[in-house]
Amino acid sequence: EVQLVESGGGLLKPGGSLRLSCAASGFTFRDAWMSWVRQAPGKGLEWLGRIKRKTDSGPTDYAAPVKGRFTISRDDSKNTLYLQMNSLKTEDTAVYYCAWYYYSYMDVWGKGTTVTVSS
Amino acid sequence: QSVLTQPPSVSAAPGQKVTISCSGSSSNIGNNYVSWYQHLPGTAPKVLIYDNNKRPSGIPDRFSGSKSGTSATLGITGLQTGDEADYYCGTWDSSLSAWVFGGGTKLTVL
């Protein structure tokens with residue numbers, strides 16, 4: 001069974017940093033492009049970025065609101081995707097999802113992990 | 001303000017049909033595949049339609065997708081109370097070099 005499980009969410013103060021993880025199973029992770037998406041309270045889905053497989057050329061893509069603050073990385077030996085979030089703001093409060101970006105759409109999603117940024 | 005425009009809400013009675021529109025531009029819908037997602041709060045979003053009109057295995061044929069020019073439409077027939085959810089369209093935007101979602105449409109089955 002294809003599965004994605006996010007972890008690492010929590011409560012932190014503005015200006016803080018946090019790293020989220022996404023453990024993948026049931027598919028060949030090293031061949032997969034992966035994305036992070038979030039949903040703030042009362043808002044819609046917001047794409048954050050995507051990382052290609054190592055054998056594909058080109059940079060990791062990011063959404064404008066998080067470029068320079070968030071970094072997506074992967075450890076194919078651990079079948080794990082990461083989202084490093086720095087200089088967190090209250091508006092970063094959201095449920096964060098990872099998703100398998102399969103060619104032209106997001107095929108499988110995790111159930112999400114909640115990040116709350118509050119003073 | 002989302003790059004893709006969806007109606008905030010739609011409603012219909014059980015057994016009826018509903019359509020949800022998604023309007024974009026040539027840099028996104030006009031030149032890229034559209035996919036549709038169903039999302040119940042607290043759960044993982046689920047893809048219903050990909051590549052404009054294809055259904056993943058396990059998605060009933062009550063769900064359909066179409067695209068014309070810079071707009072796309074999700075259709076749901078034989079509405080069930082279990083279809084109550086938020087629905088999002090999404091596609092790649094070649095100008096932004098970013099994935100974009102519509103603002104989401106809340107479906108109420110009366």
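When reading the values below, keep in mind they use all heavy atoms of this one structure, side chains included, and skip hydrogens, waters and symmetry mates. Quick note on labels: first sequence line is chain A, next is B, and so on, each numbered from 1.
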Residues in residues 47-82 of chain B that sit under 4.5 Å from chain A, counting heavy atoms only | Val47(B), Tyr50(B), Asp51(B)
Between Leu4(A), Leu48(A), Leu45(A), Val37(A), which residue shows the highest count of heavy-atom pairs closer than 4.5 Å to chain B?
-> Leu45(A)
Lys111(A), NZ: over 12 other non-hydrogen atoms inside 6.0 angstrom | no
Are Tyr37(B) and Leu4(B) joined in one hydrophobic group, where the rule is that I, L, V, M, F, W and Y side chains link up if heavy atoms are under 4.5 Å apart?
-> no
Gly110(A) versus Ala44(B), closest heavy-atom pair with distance = O-CB, 3.0 Å
Answer yes if Phe101(B) and Tyr101(A) sit in the same cluster of Ile, Leu, Val, Met, Phe, Trp and Tyr residues linked by side chain heavy atoms under 4.5 Å apart, and no otherwise.
-> yes
Within 6.0 angstrom of Arg53(A) CZ, more than 12 heavy atoms from elsewhere = yes
Honestly, the part of Trp92(B) sitting under 4.5 Å from a heavy atom of chain A is side chain
Working for side-chain contact (heavy atoms from CB on, under 4.5 Å), residues Met106(A) and Trp99(B) = CA-CA 10 Å; Met106(A) 275 164 269; Trp99(B) 182 272; 3.3 Å; yes
Go through the atoms of Tyr102(A) and report whether side chain, backbone, both or neither lie under 4.5 Å from a heavy atom of chain B.
-> neither
Enumerate by number any residue of residues 6-28 of chain B whose heavy atoms lie under 4.5 Å from heavy atoms of chain A; in the absence of such residues, state 'none'.
-> none
Going by heavy atoms in the side chains, are Gln39(A) and Tyr88(B) under 4.5 Å from each other?
-> yes
Side chain, backbone, both or neither: which part of Val108(A) has a heavy atom under 4.5 Å from chain B?
-> neither
In terms of heavy-atom contacts, does NZ of Lys54(A) have more than 12 from other residues, nucleotides or ligands at under 6.0 Å?
-> yes
Verify the cluster assignment for Trp47(A) and Tyr82(A): are they in a single hydrophobic cluster under the rule of side-chain heavy atoms below 4.5 Å apart?
-> no
Spell out, yes or no, whether Val5(A) and Leu83(A) are grouped together once hydrophobic residues are joined by side-chain heavy atoms under 4.5 Å, including indirect joins.
-> no
Sort out for me which of Ser35(B), Ser97(B), Ala98(B) touches chain A most, counting heavy-atom pairs under 4.5 Å.
-> Ala98(B)
What residue, out of Ala99(A), Gly44(A), Ser35(A), Gly112(A), has the most heavy-atom pairs lying under 4.5 Å from chain B?
-> Gly44(A)
Turns out that what part of Asp61(A) lies under 4.5 Å from chain B's heavy atoms comes down to side chain
From Asn32(B) atom CG to Tyr105(A) atom OH, the distance as rounded to the nearest 0.5 Å | 15.5 Å
Joint hydrophobic cluster, Val100(B) plus Trp33(A), side-chain heavy atoms closer than 4.5 Å = no
Ignoring hydrogens and geometry, is there a side-chain-to-backbone donor-acceptor pair from Tyr33(B) to Tyr103(A) under 3.5 Å?
-> no
